[in-house]
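One structure below.
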Amino acid sequence: MSLLEVKHLSFAYDKKPILSDISFQISQGESFGIIGPNGSGKTTLIGAMSGFLTHVEGEVLLQGKAIAKYRKKELARLIAVVEQVGTPSISFTVEEVVAMGRYPWLKSFEQTSEKDIKLIHEALTTLDIWEKRYQPVNTLSGGERQLVSLARAMVQEPKVLILDEPTTYLDIGHQIMVMQHVRKWQRDKGLTVIMVLHDLNLAAQNCDRLLLLNHGKIQTLGTVAEVIDEKILEDVYQTKPIMIEHPVKKVPQILLLSL
Amino acid sequence: MYKQRVLLWTAGLILLLFLSVIMSLMIGSVHLPVDTTLSILINHLPFVEMEPYWSVGQETIIWDLRLPRIILSIIVGAMLSVSGVAFQGVLRNPLADPYILGVSSGAALGAAATILFLQQTLWASHFTIPLIAFIGAVLSLGFVMLLSNVKNQRGNETIILAGVITQAFSGAMLTFLIAISGEQMHQIIFWMMGSLANKDWIDILILIPYYLIGTIYLYIHYQELNLLALGERSAIHLGMNVERKKIFILMVGTILAASAVSIVGIIGFVGLIIPHMIRLITGPDHRKLLLISTLVGSIFLLWTDTLARTIVPSQELPIGVITAFIGAPFFAYLLRKGLRRGIG
């Protein structure tokens, strides 16, 4: 049975359709990429899948139950979202922000326990921000703030992790670190990962399946080899990619040529 | 280490508050020595019987005149600052204060209307002004909530603008009332400047339930206030019912301010300055922020009221004048400091 199922999802803003009749399924442990040009509806789609957008047509089922029927905290124990914008520039410390990830597991006014603190410390160490734990978030760079968001999602202990452009502000070293870490987390805990990516090469290397969105509709849904295809990409992105094969991973990669 | 520091701060501030109460009791048009002041207080404790060596007049000054006023200032100071913390936390706007949803102008309109049309006709005039001022404040809040509602969601900017509109409209009606008020104009203006004079124990008893319930409600929502700092979208993803909690916290904050304003009139700047100042000391964590702001707000208003009744001999100054007098330069200082740090 699929873990997450999107059924005939449509969404319009001010009568302008953003998504129209989207249906697909994601199974547990999968690494699912959502790609597409600017304005194709990627962020809206994950907004609906995470239960943030409520006024949508169609249904999103999580473990067979409509996402709108979950209690908010219950849903947050199943799905964590790392937003594109990262953690805003606030004066809370890194550790305080990461600790907020425990919120869905705590009762109102309940304090963090030994176990919570252990999880928080683990996440800080894994993502290499332990040294910065007492620093206010507003003294960190955009990339470091992205890591803080990811650490917060880790301590949330979700079954599904949704990443919206997780690598936007990261240098290549941290990009690889984040991706490797997500992979490891996936192997250890059977996590399901849904990520929106602009970087098609990163998507090709890190996803089992890809969904290519265009004008709010599914253009192609399939394996990396099926989607990262010269003809399809040229159609959607209006630019001609040069296709090569990744020498180690043996997945299709693209080069761009700007004249 | 972290918890101990908060405890230390709390204990220190409680001690300071206690000392302030004693000192303020001694100061006034009649100066009373510290031993007499303490003896009169102790004599009012249950199961204590002392042979009074003080006059009935001294007892009246301490117990019936100064003490209720001091306790009232402590409660009102706490209510306004804790409400300010809630407003700034929810709206994430540095200019947010307890009056931003039109509470003060709604209450002022109610008070002015009462002074103008009802005061001579109703028997319970001591309570009609607070009651109708409170109704005015609650009506303003209701109007803001209706005006800012879009499919049961309310954006922060929309809420603030709805507050501005409400204030402008009740401000216009208030000005109209003042213009036609004639000899009652003086009383209306003085009400609007705020005062803790001529209050008694009953006013305190009226405020205490609002104070306790409101403050406790905000205390137990410190986590929600913290989450909102991440932005509403993140707070939703973390499992917080943002729309509902936001409205509840704003309503509780408004009711706190509305009940205080109804009794003592409009005292500005406390709910704006104290939260800002405390945030600089404690950082943004609302667990500390709410607690410390309550205590500092109390101490601040206690001393400003003591100034209001003593600074000009044999004359009461409106307390709102003094809070603004201290508050505005202090706010300017915070602003410059913030600008130098590159935030703000």
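Residue numbers begin at 1 in each chain, while the letters A, B, ... track the order of the sequences.
- Residue Arg279(B): no heavy atom, backbone or side chain, is found under 4.5 Å from chain A.
- Scanning all heavy atoms of the two residues, the minimum distance from Glu110(A) to Tyr222(B) falls at O-OH, 4.4 Å.
- For Val97(A), the part sitting under 4.5 Å from any heavy atom of chain B is the side chain, from C-beta outward, and nothing else.
- When the shell of 6.0 Å around CD of Glu74(A) is examined, it contains more than 12 heavy atoms from other residues, nucleotides or ligands.
- Phe248(B) CZ: 12 or fewer foreign heavy atoms inside a 6.0 Å radius.
- Among all heavy-atom pairs drawn from Leu238(B) and Gly101(A), the shortest one is CD2-CA, 3.8 Å.
- Counting heavy atoms from C-beta on, the side chains of Lys72(A) and Val242(B) never come closer than 4.5 Å.
- The distance from the OG atom of Ser234(B) to the CZ atom of Arg152(A) is 4.5 Å, given to the nearest 0.5 Å.
- Atom NZ of Lys65(A) has more than 12 heavy atoms from other residues, nucleotides or ligands within 6.0 Å.
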Practice problem: Please step through side-chain contact (heavy atoms from CB on, under 4.5 Å) for the pair Val81(A) and Arg233(B), ending with a clear verdict. | Solution: CA-CA 10 Å; Val81(A) 182; Arg233(B) 194 166 173 148; over 6 Å; no
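- No more than 12 heavy atoms of other residues, nucleotides or ligands lie within 6.0 Å of CH2 in Trp9(B), so this atom counts as exposed by the packing criterion.
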Quiz item: Given Asn226(B) and Glu96(A), is the side-chain contact (heavy atoms from CB on, under 4.5 Å) satisfied, shown in steps?
Solution: CA-CA 9 Å; Asn226(B) 283 348; Glu96(A) 283 170 333; over 6 Å; no
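- The backbone N or O of His237(B) sits less than 3.5 Å from a side-chain atom of Gln156(A), completing a donor-acceptor pair.
- The two residues Ile90(A) and Ala229(B) have their closest heavy-atom pair at CG2-O, 3.5 Å.
- For Glu224(B) (side chain) and Ser108(A) (main-chain N/O), no donor-acceptor pair under 3.5 Å exists by modelled atom type.
- Each of Gln111(A), Arg102(A), His55(A), Arg71(A) has some count of heavy-atom pairs under 4.5 Å with chain B, and the biggest count is that of Gln111(A).
- Atom CG of residue Leu75(A) and atom CD1 of residue Ile236(B) lie 11.0 Å apart, to the nearest 0.5 angstrom.
- Heavy atoms of Ile220(B) lying under 4.5 Å from chain A belong to its backbone as well as its side chain.
- Atom CD1 of Ile213(B) has 12 or fewer heavy atoms from other residues, nucleotides or ligands within 6.0 Å.
- Around NZ of Lys73(A), the count of heavy atoms belonging to other residues, nucleotides or ligands within 6.0 Å exceeds 12.
- Looking at Ile79(A), the atoms closer than 4.5 Å to chain B (heavy atoms on both sides) all sit in the backbone: N, CA, C or O.
- The number of heavy atoms from other shown groups lying within 6.0 Å of CZ (Arg244(B)) does not exceed 12.
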